[in-house]
Amino acid sequence: MINSIINYFHLTAEQFEKLTAQQTDILLYILTHGSITPMDAFSVLHITKLATRISEMKTLGIQFDKVYESRKDSEGKGIRYMRYRRAAA
């Protein structure tokens with residue numbers, strides 16, 4: 001699985017070694033599902049600060065594409081959230 005993450009995100013061994021467990025979980029989730037939202041991070045990975053973890057990884061040189069999405073909640077109210085994907089090569 002480590003090699004899959006390194007290859008998919010074009011990481012160096014040095015970049016990978018600096019990742020925390022939460023950051024590795026996020027990358028694995030993106031590898032498996034194609035993208036991640038804050039709700040995915042919280043409900044599946046129990047990570048409450050996805051944007052912070054993404055920002056930390058950006059300082060390591062790992063790039064992401066992000067897209068604002070919106071939908072209606074169960075009460076019909078509009079909610080907006082960010083979806084993160086691996087940056088296009």
Discussion item. Return the CE to CD distance between M57 and Q63, rounded to the nearest 0.5 Å.
Written reply: 11.0 Å
Worksheet item: Is there a path from F42 to Y84 through hydrophobic residues (I, L, V, M, F, W, Y) whose side chains come within less than 4.5 Å of each other?
Response: no
Worksheet item: Q23 pairs by side-chain contact (heavy atoms from CB on, under 4.5 Å) with which of L27, T20, D25?
Response: T20
Worksheet item: Under 3.5 Å, side chain of Q15 to main-chain N/O of T12, donor-acceptor pair present?
Response: yes
Worksheet entry | L60 atom CG: more than 12 heavy-atom contacts under 6.0 Å | yes
Fill in: Within 45° cone and under 6.0 Å: R85 NZ/CZ vs F64 ring
no
Discussion item. Do L45 and I26 have side chains that approach each other closer than 4.5 Å (heavy atoms only, starting at C-beta)?
Written reply: yes
Item to complete: Measure the shortest side-chain to side-chain distance between K72 and I79 over non-hydrogen atoms and say whether it is less than 4.5 angstrom.
Response: no
Worksheet item: Would a 4.5 Å heavy-atom cut-off, applied to side chains only, mark R86 and H10 as touching?
Response: yes
Worksheet, complete the sentence: CZ of R53 to CG of L50, rounded to nearest 0.5 Å, is 9.0 Å
Item to complete: Take R83 and T37 through the side chain to side chain donor-acceptor pair (under 3.5 Å) test and state the conclusion after the steps.
Response: CA-CA 5 Å; R83 180 175 297 277; T37 66; 5.3 Å; no
Worksheet item: Are side-chain heavy atoms of L31 and S4 found at a separation under 4.5 Å?
Response: yes
Practice prompt. Working to the nearest 0.5 Å, report the span between CD of E69 and OG of S35.
Written response: 7.0 Å
Worksheet item: Is there a donor-acceptor pair under 3.5 Å between the side chain of D40 and the backbone N or O of I36?
Response: no
Response to the item:
The reported gap from OG1 in T24 to CE in M1 (rounded to nearest 0.5 angstrom) is 12.0 Å
Worksheet entry | I47 reachable from V44 in the ILVMFWY side-chain graph, under 4.5 Å edges | yes
Worksheet item: Once you round to the nearest 0.5 Å, how far does CG of L19 lie from CD of E56?
Response: 10.0 Å
Fill in: Joint hydrophobic cluster, M39 plus I30, side-chain heavy atoms closer than 4.5 Å
no
Practice prompt. Evaluate whether atom OH of Y8 has more than 12 neighbouring non-hydrogen atoms of other residues, nucleotides or ligands under 6.0 angstrom away.
Written response: yes
